[in-house]
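What follows is a short report on a single structure.
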Amino acid sequence: MKIDKIISFDIEADFGMFKKPDVNDVYFTFNIIPKTVILGILGAIIGLDGYSQMKENDDYPEFYKELHNLLIGVIPNGNKGVYQKRIIKYNNTVGYANKDGGTLNIIDQTLINPKYHIYIGLDLSNNNHQNLDKYLSAKPVEYEYIPYMGKNEFKLDISKIEPFDKDRFSIFTPKDEFAIQSLFPNIGNEALKNNEAIRDPFDSSMSETYFYYFERLPIGLDELNQYKYENFAYTNAKLISNTKFVKSLNLFSIDEKVICLY
């Protein structure tokens with residue numbers, strides 16, 4: 001994909017909830033915001049329809065059809081990628097949720113103060129990408145629909161918007177050991193096992209504390225409108241430069257940071 005411009009920005013809210021689809025009695029949340037949710041947020045900003053506006057013959061929501069090829073990057077602002085969570089219980093008393101006349105008890109696992117630094121790569125020959133550039137560059141940020149952190153009641157704030165034109169970013173071609181500052185696909189869970197640089201036990205830099213965070217996250221939607229998954233890693237550990245895995249990543253140098261767009 002051609003990238004003419006990269007825009008970075010922060011999103012944050014008091015609470016967040018990115019529902020996992022595999023358990024129904026307690027609604028658990030993903031820790032890191034999935035790409036599908038980011039695409040939904042961006043679609044809301046420029047006025048693309050979501051799940052609730054889908055018609056009977058629609059394969060996908062409009063935001064996904066229009067933006068699924070957009071490359072994004074994520075830097076979690078949690079404690080080494082981990083966010084505080086709480087279990088919140090509440091009652092749903094609306095009639096259609098309680099056909100038997102009782103009260104539906106809902107239990108949500110909820111993120112506390114989630115915040116993420118987001119990068120998006122724009123192809124300015126694409127009308128939707130042009131609109132993203134326009135809406136995010138406005139002061140204050142404009143949006144057609146209110147964006148939220150996974151649930152309607154968790155309105156999010158967008159701040160620290162920074163555009164990077166071509167003179168401020170480039171494709172990163174590593175020549176030495178390096179670290180990726182953002183989340184990156186840990187394909188087959190083998191990335192760090194086979195590509196992490198071996199540290200010399202006599203090197204003074206060994207005193208540096210390395211952290212590792214792994215999570216399996218939605219990366220897109222399949223033909224049945226169900227999640228497609230990929231394993232991801234977030235770490236400050238250094239990788240070997242010239243490997244097949246490293247070459248498979250979309251790495252960019254942005255203001256001296258190595259960012260992976262996926």
Side-chain angles (χ1 to χ4, degrees), residues 6-23 26-42 44-45 70-89 107-120 136 141 147-162 178-187 189 191-192 196 208-219 227 229-239 249-252 254-262:
I6 291 175
I7 295 180
S8 73
F9 54 92
D10 283 351
I11 56 172
E12 59 184 314
D14 292 333
F15 304 99
M17 203 281 179
F18 314 121
K19 181 178 176 290
K20 293 185 177 182
D22 48 354
V23 179
V26 178
Y27 296 145
F28 291 103
T29 181
F30 294 103
N31 181 68
I32 305 292
I33 186 170
K35 180 175 182 176
T36 48
V37 176
I38 295 173
L39 296 182
I41 290 169
L42 296 173
I45 289 172
L70 181 74
L71 293 179
I72 63 103
V74 179
I75 299 179
N77 284 61
N79 179 21
K80 299 177 181 178
V82 179
Y83 292 88
Q84 187 179 15
K85 302 175 182 69
R86 289 287 184 272
I87 295 294
I88 297 177
K89 299 180 181 180
I107 304 174
D108 278 352
Q109 184 187 48
T110 304
L111 299 170
I112 307 300
N113 298 319
K115 181 177 180 180
Y116 307 90
H117 192 59
I118 307 296
Y119 292 83
I120 58 174
L136 288 170
V141 174
Y148 50 87
M149 198 72 86
K151 293 185 68 174
N152 289 359
E153 55 264 44
F154 300 154
K155 182 181 179 297
L156 60 80
D157 293 320
I158 302 173
S159 62
K160 297 182 180 178
I161 297 93
E162 186 169 7
F178 71 102
I180 301 174
Q181 277 75 33
S182 66
L183 199 70
F184 61 90
N186 181 26
I187 301 168
N189 276 329
L192 291 174
E196 183 178 357
E208 179 184 5
T209 301
Y210 280 10
F211 67 85
Y212 304 85
Y213 179 81
F214 303 97
E215 189 170 5
R216 185 170 175 80
L217 295 168
I219 191 69
Y227 283 148
Y229 288 87
E230 181 58 85
N231 299 308
F232 282 86
Y234 178 57
T235 178
N236 60 349
K238 293 182 179 179
L239 302 179
L249 300 176
N250 293 311
L251 299 178
F252 290 83
I254 306 173
D255 270 8
E256 300 183 354
K257 291 182 179 179
V258 179
I259 303 299
C260 179
L261 300 186
Y262 58 89

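Computed from heavy atoms alone, side chains included, the values below leave out hydrogens, waters and symmetry copies.
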Measuring centre to centre across the rings, with the benzene-like ring taken for any Trp, is F232 within less than 6.0 Å of F30? no
Decide yes or no for I120 and L71: does some side-chain heavy atom of the first lie under 4.5 Å from some side-chain heavy atom of the second? no
Quick check against the 3.5 Å criterion: does T110 have a side-chain atom that pairs as donor or acceptor with the backbone of M17? no
Are Y234 and F214 close enough that their ring centres sit under 6.0 Å apart? no
Side-chain contact test, heavy atoms from C-beta onward, threshold under 4.5 Å: evaluate it for H117 versus S8 and give yes or no. yes
Greater than 12 external heavy atoms within 6.0 Å of K257's NZ: no
F252/Y119 aromatic ring centres below 6.0 Å: no
Please check if the side chain of D10 supplies one atom and the backbone of D157 the other of a donor-acceptor pair under 3.5 Å. no
List the steps and the verdict of salt bridge (Lys or Arg N to Asp or Glu O under 4.0 Å) for D108 and K151. CA-CA 11 Å; D108 278 352; K151 293 185 68 174; 2.6 Å; yes
Look at the side chain of E162 and the backbone N and O of F9, then say whether any donor-acceptor pair between them is shorter than 3.5 Å. no
With distance as the sole test, does Q109 use its side chain to make a donor-acceptor pair with the main-chain N or O of T29 at under 3.5 Å? yes
In Å, rounded to the nearest 0.5 Å, how long is the span from CD1 of I180 to CG of L249? 5.0 Å
Hey, what do you get for CG (N113) to CG (N77), rounding to the nearest 0.5 Å? 11.5 Å
Looking at I75, is its backbone amide N or carbonyl O close enough to the side chain of S182 to form a donor-acceptor pair, meaning the two atoms are under 3.5 Å apart? no
Tell me whether K19 forms a cation-pi arrangement with Y27, defined as NZ or CZ under 6.0 Å from the six-membered ring centre and within 45 degrees of its axis. yes
Scan side-chain atoms only and decide if N31 and Y213 contain a donor-acceptor pair under the 3.5 Å cut-off. yes
